[in-house]
Amino acid sequence: IVTWNAMLTAYAQNGHVDQAKSIFDAMPHRNIVSWTTMLTGYALSGNLARTKMVFDAMPEKNLVSWTAMEDAYARRGHIEEAKHMFDEMPQRDMFSWNVILAAYSELGDFHQAKDLFETMMPQQDLISWTVMLAAHAQGGDITGAKKLFEQMPERDTVLWGAMLASFAIKGRSVEAMDLFEEMKVGVAQPDEACFSVVLSLCCHHGKVYASRCCFVSMQMDFGFSAGKQHYCSMVDVLARSGYVAEAEELVLVMPVVPD
RNA sequence: UCCACAGUGGCGCGUAC
């Protein structure tokens with residue numbers, strides 16, 4: 001059953017929900033994991049009606065399936081239904097709390113999010129903090145975001161990335177770059193998303209040399225392979241700075257399909 | 001008791017509008 005479920009997941013999470021359904025029907029046995037996998041498969045494909053049908057048809061439900069349904073509504077912007085799931089579910093854990101928190105944040109309902117975070121949630125974890133940091137930044141309160149960041153007892157790469165992106169999006173380039181330098185000396189491990197943010201920042205300011213250093217360092221020092229966004233920034237900054245031939249060369253040699 | 005398969009966070013792509 002675990003092997004069948006693993007197959008199911010492979011199809012369902014890669015956009016082949018119809019093949020997943022075939023496997024689901026062909027499986028000798030199905031358990032709650034199989035059902036929940038199908039539920040998320042339909043949710044990922046954007047078919048909310050089918051998602052709900054699976055949820056209703058499940059022979060048994062647990063916290064994971066309730067949360068998956070809650071998340072499916074939240075991601076389609078159906079906050080009322082998501083909240084309803086949340087209210088109706090038999091138990092709650094950090095996942096279900098964070099889903100509803102992220103839903104308010106995503107909708108730009110900062111006050112609901114803040115209220116939930118500060119007074120209603122029984123506790124908060126790193127993910128809740130990251131959502132709130134992003135919510136502050138999204139609402140333009142970069143100072144509040146920074147304060148949250150500095151107060152954090154623990155920080156992971158995603159949280160650093162959220163702070164970095166918040167600075168970058170609000171035009172606080174110097175702080176963004178300082179933060180990135182701090183990461184690179186070993187305080188935290190930057191990932192591809194961090195490099196994307198920094199590259200687009202360098203690009204935006206027309207800093208060809210800095211862009212190039214960043215682009216090279218990402219691959220040489222950190223072992224990441226450049227993706228479409230990274231190439232896009234490099235090509236952009238080169239071309240805009242008059243290095244049209246170099247930009248063209250890069251497009252020709254890059255292992256990415258140009259869009 | 002622990003270990004395999006399903007649910008939550010940052011940039012972007014895609015999808016939708």
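To find a chain, count down the sequence lines: A is the first, B the second, and so on, and within it residues start at 1.
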Side chain A/D18, main chain A/K21, donor-acceptor under 3.5 Å: no

Sequence neighbours left out, what passes side-chain contact (heavy atoms from CB on, under 4.5 Å) with A/R76? Give chain and number order. A/L48, A/H78

Can you tell me which residue pairs pass the ring-ring contact (aromatic ring centres under 6.0 Å, His included) test with a partner in residues 237-259 of chain A, sequence neighbours excluded? none

Hey, do the aromatic rings of A/F149 and A/W160 have their centres closer than 6.0 Å? yes

Who passes side-chain contact (heavy atoms from CB on, under 4.5 Å) against A/S45, sequence neighbours left out? A/V17, A/Y42, A/N47

Most 5' of A/F95 and A/R76 on RNA chain B, judged by nearest nucleotide: A/F95

Where along residues 185-196 of chain A does a heavy atom come under 4.0 Å from RNA chain B, residue by residue in number order? A/D191, A/A193, A/C194, A/S196

Using a 4.0 Å cut-off on heavy atoms, which residues in residues 111-148 of chain A reach RNA chain B? List them by number, or say none. A/L126, A/I127, A/T130, A/V131

State, without any angle test, whether A/S34 and A/N31 hold a side-chain donor-acceptor pair at a distance under 3.5 Å. yes

When Ile, Leu, Val, Met, Phe, Trp and Tyr are grouped by side-chain heavy atoms lying under 4.5 Å apart, directly or through other members, which residues fall in the same group as A/V216? A/M220

Keeping the roles fixed (side chain from A/H136, backbone from A/L133), state whether a donor-acceptor pair exists under 3.5 Å. no

Is it the case that the side chain of A/T36 and the backbone of A/I32 share a donor-acceptor pair, with hydrogens and angles ignored and the cut-off at 3.5 Å? yes

Each base of RNA chain B marked ( ) or [ ] if paired in-strand (Watson-Crick or G-U under 3.5 Å), | if paired to another strand and . if unpaired gives .................

Cluster companions of A/Y209 among Ile, Leu, Val, Met, Phe, Trp, Tyr (side-chain spacing under 4.5 Å): none

So which of residues 27-38 of chain A are in contact with RNA chain B, with a heavy-atom cut-off of under 4.0 Å? A/V33, A/T36, A/T37

Please give me every residue in residues 202-240 of chain A whose heavy atoms get under 4.0 Å of an atom in RNA chain B, ordered by residue number. A/Q229

Can you pull out the residues from residues 252-259 of chain A that lie within a 4.0 Å heavy-atom distance of RNA chain B? none

Positional range of nucleotides in RNA chain B within the contact set of chain A, heavy-atom, under 4.0 Å: B/A4 to B/G12

